[in-house]
Engineer: 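I'd like to ask you about the structure that follows.
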There are 2 protein chains.
Amino acid sequence: MKKQVKHVTIYDIAEKMKISPATVSRALKDHYSISKETTKAVKKTARNMGYLPNTLASSLRSNKTNTIGVLVSRVNRPFISSLISGIEEVANLEGYNIFISQSLDLEEKEIGNVKAMFSSRVDGLIVSLAMETTKFDHFEIFTDRNIPLVFVDRVPDEIEAEKIVIDNFAAAFEATEHLIEQGCKRIAHFGGAQHINVYHDRKKGYLAALQKHDLPVDEKLITYSNLGKDEGFSMTQQLLELENPPDAIFSANDTAAISAIQFAREKGIHVPNELAVVGFNDDYLASIISPSLTTVAHPAFEMGKIAASHLLEQKDKSDLVASKTTVLKTRFVIRESSVRDHR
Amino acid sequence: MKKQVKHVTIYDIAEKMKISPATVSRALKDHYSISKETTKAVKKTARNMGYLPNTLASSLRSNKTNTIGVLVSRVNRPFISSLISGIEEVANLEGYNIFISQSLDLEEKEIGNVKAMFSSRVDGLIVSLAMETTKFDHFEIFTDRNIPLVFVDRVPDEIEAEKIVIDNFAAAFEATEHLIEQGCKRIAHFGGAQHINVYHDRKKGYLAALQKHDLPVDEKLITYSNLGKDEGFSMTQQLLELENPPDAIFSANDTAAISAIQFAREKGIHVPNELAVVGFNDDYLASIISPSLTTVAHPAFEMGKIAASHLLEQKDKSDLVASKTTVLKTRFVIRESSVRDHR
DNA sequence: TTGTAGGCGTTATCAT
DNA sequence: ATGATAACGCCTACAA
């Protein structure tokens, strides 16, 4: 039976030092009104006694948790984990911790998570929407109370709030135009759920590029899925079985694009000459696969940093914060999967 | 100026219903002593008033946060993010949230994080050690108080606590022996920091396999690093420039192994015939790269699930928990990078 | 410079 | 079945 160590409180310190708990509390946070000697002595005693503050009590009283909530689809996706790293870097620098939860792309879970975040009184919330989400009133808990709320990447049009996004339309346009310049005439598109801004805008950019260059739009060449590995395979297979198959694919993410490359490789179809492929995200994989994948570099880490710093700025500005959207630059990275031999 | 919504408390509900806060509190948690009608009425009023519990207050009073702390090196690593997913799955099922923080492989940050976890009164802590960590007394805050503590993967020998690991020795032995069976005679090893159990054991397994097959150990073929992408390149380069270069590499992770493959590919060195490569972890990349990478599948997700469920079991057993180590099975995945043509 | 005392929102204890 | 009250640990006006 191990000895059970009790929690040391400011009262214990006060008692031992024959001073008041208030003085201890102030000394521990370097309150100006406490003398240097007292402060030093208190801190020393606290250390000796193994005192560690109870954040719960402190937060309850002060109405401040020094915690930022982060609500994402799932942490084990390259884009998301980089985003989180960016958030953490800034948060930590400012003395904040982060509280992460996953929606698993389910609306119901997202709603529960938002409530849980509120219940634990996070000082602000950063959200990238679940794939499934179509309603947004669960965020009113935060907006109604002017608790800082920042959306990242997958953002809702329907809410007035701070948003950090990339220009999906422009990036998709550039990517598609690049394929056209390579001489591709029948360009397919792997699209995501169209009620999500990012996938909607990417498709729009794709269509706009086709239109600009007077290429016809063939609905048979446009697919919708959640862009997973398996979907990538099956979509590629179906497209290549068409009587009039595509000569290029612009995929709304890298995962599906990579599956396309793998499928083509297995079938002996040359990438890029028979099938050019462009992805979106610039996952680490993109540079590793052979042929390497042309894609749109998504500044995930930076988005996280900006989201966190904007969130922390909101606190100060009280309630006159205009809803503001920050658009970050993407970078089009041309690699082997799209550059055709000169003919 | 937006209307500022106030927080609704159980007092507000009690007042409106002309009952006591105690009854409200009980009704909201389905306490057996409260009548069905009252319970139903309270819940309805709570919903109408937009009541959301204050977790801080509840936790402070009940001494229970329903939160599991997770302390890892960094979230944006494939192994870690899968581990976290596993933890979250189990935690959520049992009504727990998780609180994540990153040590960035720095001991000092790990120490701070452990204190912060304690201060926020997590009900238990799951840890994968920072690369830098060599002392372990910062965990005594938890062990002294019998707060459940589980180490995963990178675990300390020096602490009596629950541990979840894989058999790194056996896995490394099997991997190395496989290379020997392929006819490799000079097998190099990319090792990690040797004070970390996993890297230490992997090296031991490697050495044991060489010894069993009467192959000499050449220290020049053994490197130590943090096994990053860049290190993988430079180590491969250095090894291949030796007057007597290796014909195989067993790397303690996939990242460095993949760099080795890429380096060889660039230099026109045939993998596996001129240089066979085996990695460790089975990151998603391993199956994508060409030639695909032979590696040891590390059950990250399952480790997370087991860590969480063992942690939650500890709560019940009060203080007679024996320190226990659970060893999970790995799976050796043979792919192209190690299978030589028959000669 | 330091002390006193009330309160943050909830739950546990003891009563009715 | 319900109510009154204290307590969790800390912070902060107000007082001294």
Side-chain angles (χ1 to χ4, degrees), chain A residues 5-43 45-46 49-67 115-116 118-123 141 145, chain B residues 5-43 45-46 49-67 115-116 118-123 141 145:
Chain A
V5 177
K6 265 313 294 169
H7 291 178
V8 180
T9 72
I10 54 171
Y11 277 82
D12 300 326
I13 299 174
E15 197 175 359
K16 168 167 274 183
M17 298 182 71
K18 309 281 182 220
I19 57 177
S20 84
T23 304
V24 175
S25 171
R26 291 180 182 123
L28 289 173
K29 7 200 59 169
D30 290 308
H31 193 279
Y32 66 94
S33 77
I34 304 293
S35 73
K36 295 261 178 265
E37 307 89 68
T38 312
T39 301
K40 186 172 283 182
V42 167
K43 286 187 175 174
T45 315
M49 296 179 71
Y51 170 79
L52 285 170
N54 184 325
T55 308
L56 296 172
S58 167
S59 298
L60 176 62
R61 180 58 237 250
S62 64
N63 213 19
K64 175 118 187 26
T65 54
N66 277 289
T67 299
K115 286 183 185 164
F118 176 77
S119 278
S120 42
R121 296 295 186 270
V122 293
D123 292 332
I141 319 177
R145 279 161 249 251
Chain B
V5 176
K6 268 312 295 168
H7 292 178
V8 179
T9 74
I10 54 171
Y11 273 84
D12 301 327
I13 300 173
E15 197 175 358
K16 168 166 272 181
M17 298 183 71
K18 309 282 181 220
I19 58 178
S20 85
T23 304
V24 175
S25 172
R26 291 180 184 122
L28 289 173
K29 3 202 62 168
D30 291 308
H31 192 281
Y32 66 94
S33 76
I34 302 294
S35 71
K36 294 262 179 264
E37 308 89 64
T38 312
T39 300
K40 184 170 284 185
V42 167
K43 286 187 175 175
T45 314
M49 296 179 72
Y51 170 79
L52 285 170
N54 184 326
T55 309
L56 295 172
S58 168
S59 299
L60 175 61
R61 182 60 238 246
S62 65
N63 215 16
K64 177 121 187 19
T65 54
N66 277 289
T67 300
K115 286 182 183 165
F118 175 77
S119 277
S120 42
R121 296 293 188 272
V122 293
D123 292 332
I141 319 177
R145 279 161 248 252

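Labels below follow one simple rule: chain letters A, B, ... track the order of the sequence lines, proteins then strands, and each chain is numbered from 1.
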Engineer: Students often get this wrong, so: under 4.0 angstrom with heavy atoms, is Thr9(A) touching a base, only sugar-phosphate, or nothing?
Structural biologist: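 It contacts sugar-phosphate atoms only.
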Engineer: Within this structure, what is the NZ-OG1 distance for the pair Lys16(A) and Thr45(A), rounded to the nearest 0.5 Å?
Structural biologist: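 Interatomic distance, Lys16(A) NZ to Thr45(A) OG1, rounded to 0.5 Å: 7.5 Å.
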Engineer: Quickly work out the Leu56(B) CG to dC8(D) P distance and round it to whole Å.
Structural biologist: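 Roughly 18 Å, once rounded to whole Å.
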Engineer: Tell me which of Ala57(B) and Pro21(B) sits closer to the 5' end of DNA chain D, going by the nucleotide each one is nearest to.
Structural biologist: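 Closer to the 5' end of DNA chain D: Pro21(B).
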Engineer: Below 4.0 angstrom from OP1 or OP2 of dT2(C), is there any side-chain N or O of Ser35(A)?
Structural biologist: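 Ser35(A) to dT2(C) OP1/OP2: side-chain N or O found under 4.0 Å.
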Engineer: With a 4.0 Å cut-off on heavy atoms, is Ser59(A) in touch with a base, just the backbone sugar-phosphate, or nothing at all?
Structural biologist: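 Ser59(A): no heavy atom of the nucleic acid under 4.0 Å.
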Engineer: Under 4.0 Å between any heavy atoms, over every strand shown, what does Ile19(B) touch: base, sugar-phosphate, or nothing? Just pick one.
Structural biologist: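 It contacts sugar-phosphate atoms only.
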Engineer: For a quick test of reading the model: is some side-chain N or O of Ser20(B) closer than 4.0 Å to OP1 or OP2 of dG3(D)?
Structural biologist: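 Checking Ser20(B) against dG3(D): at least one side-chain N or O falls below 4.0 Å of OP1 or OP2.
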Engineer: Sub-3.5 Å donor-acceptor pair from the side chain of Ser119(A) to the main-chain atoms of Asn54(B), do we have one?
Structural biologist: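 No; judged by distance alone, with no hydrogens or angles, the pair does not exist.
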Engineer: Go through dT10(C), dG9(D), dG3(D) for me and flag the one nearest to the Leu60(B) side chain.
Structural biologist: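 Selected nucleotide: dG9(D).
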Engineer: Write down the distance between NE2 (His31(B)) and P (dT10(C)), rounded to a whole number of angstrom.
Structural biologist: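 My rounded result for the distance is 17 Å.
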Engineer: If you assign Tyr32(A) and Tyr11(A) each to the DNA chain C nucleotide with the nearest heavy atom, which residue ends up on the more 5' nucleotide?
Structural biologist: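 The residue whose closest nucleotide sits nearer the 5' end is Tyr32(A).
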Engineer: Which whole-number value in Å describes the distance from Ile10(A) CD1 to dA5(C) C1'?
Structural biologist: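 So the CD1-C1' distance, Ile10(A) to dA5(C), works out to 13 Å.
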Engineer: At under 4.0 Å, does any side-chain N or O of Thr38(A) touch on OP1 or OP2 of dT2(C)?
Structural biologist: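 So the side-chain polar atoms of Thr38(A) do come within 4.0 Å of the phosphate oxygens OP1 or OP2 of dT2(C), strictly under.
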Engineer: Find the distance between CE (Met49(A)) and CG (Leu52(A)) and round it off to the nearest 0.5 Å.
Structural biologist: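 It is 12.0 Å, given to the nearest 0.5 Å.
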Engineer: Hey, does the side-chain of Arg61(A) have a donor or acceptor N/O within less than 3.5 Å of a partner on the base of dC11(D)?
Structural biologist: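 In this structure, the two groups form a donor-acceptor pair.
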Engineer: Between P on dT1(C) and NZ on Lys40(A), what's the gap in Å once rounded to a whole number?
Structural biologist: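 After rounding, the reported distance stands at 15 Å.
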Engineer: Can you tell me the distance, in whole Å, between the CG atom of Asn54(A) and the C1' atom of dT10(C)?
Structural biologist: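 Answer to the nearest Å: 14 Å.
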Engineer: Hey, does the side chain of Ser58(B) come within less than 4.0 Å of dT11(C)'s phosphate (OP1/OP2), counting only N and O?
Structural biologist: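 For dT11(C), OP1/OP2 do have a side-chain N/O of Ser58(B) under 4.0 Å.
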Engineer: What integer distance in Å separates His7(B):NE2 from dC8(C):C1'?
Structural biologist: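 After rounding, the gap between these two atoms is 12 Å.
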Engineer: Out of curiosity, Thr39(B) OG1 to His31(B) NE2, how far, rounded to the nearest 0.5 Å?
Structural biologist: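 Answer for the OG1-NE2 pair, Thr39(B) versus His31(B), is 10.5 Å.
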Engineer: How close or far is atom P of dG9(D) from atom CZ of Phe118(B), stated in whole angstroms?
Structural biologist: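 From Phe118(B) CZ to dG9(D) P: 10 Å.
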Engineer: Is the backbone of Pro21(B) close enough, under 3.5 Å, to the side chain of Ser25(B) for a donor and an acceptor to pair up by distance?
Structural biologist: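 No: the side chain of Ser25(B) does not pair with the backbone of Pro21(B).
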Engineer: Can you check whether Ser25(B) has a side-chain N or O nearer than 4.0 Å to OP1 or OP2 of dT11(C)?
Structural biologist: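 Checking dT11(C) against Ser25(B), a side-chain N or O does come within under 4.0 Å of OP1 or OP2.
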Engineer: Where do Ile19(A) and Val42(A) land on the side chain to side chain contact (heavy atoms under 4.5 Å, CB included) test, with the steps shown first?
Structural biologist: CA-CA 10 Å; Ile19(A) 57 177; Val42(A) 167; 3.8 Å; yes
Engineer: For a quick check of understanding: with a heavy-atom distance under 4.0 Å over all strands, which category does Ser33(A) fall into, base, sugar-phosphate or nothing?
Structural biologist: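 Touches a base.
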Engineer: Heavy-atom nearest nucleotide on DNA chain D for Ala22(B) versus Thr55(A): which residue maps closer to 5'?
Structural biologist: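 Nearest nucleotide further toward 5': that of Ala22(B).
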Engineer: Starting at CZ of Arg121(A) and ending at C1' of dC10(D), how long is that distance when rounded to a whole Å?
Structural biologist: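 About 17 Å, once rounded to whole Å.
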Engineer: Does Arg26(A) make a side-chain donor-acceptor contact with the base of dG3(C), cut-off 3.5 Å?
Structural biologist: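 Pair found.
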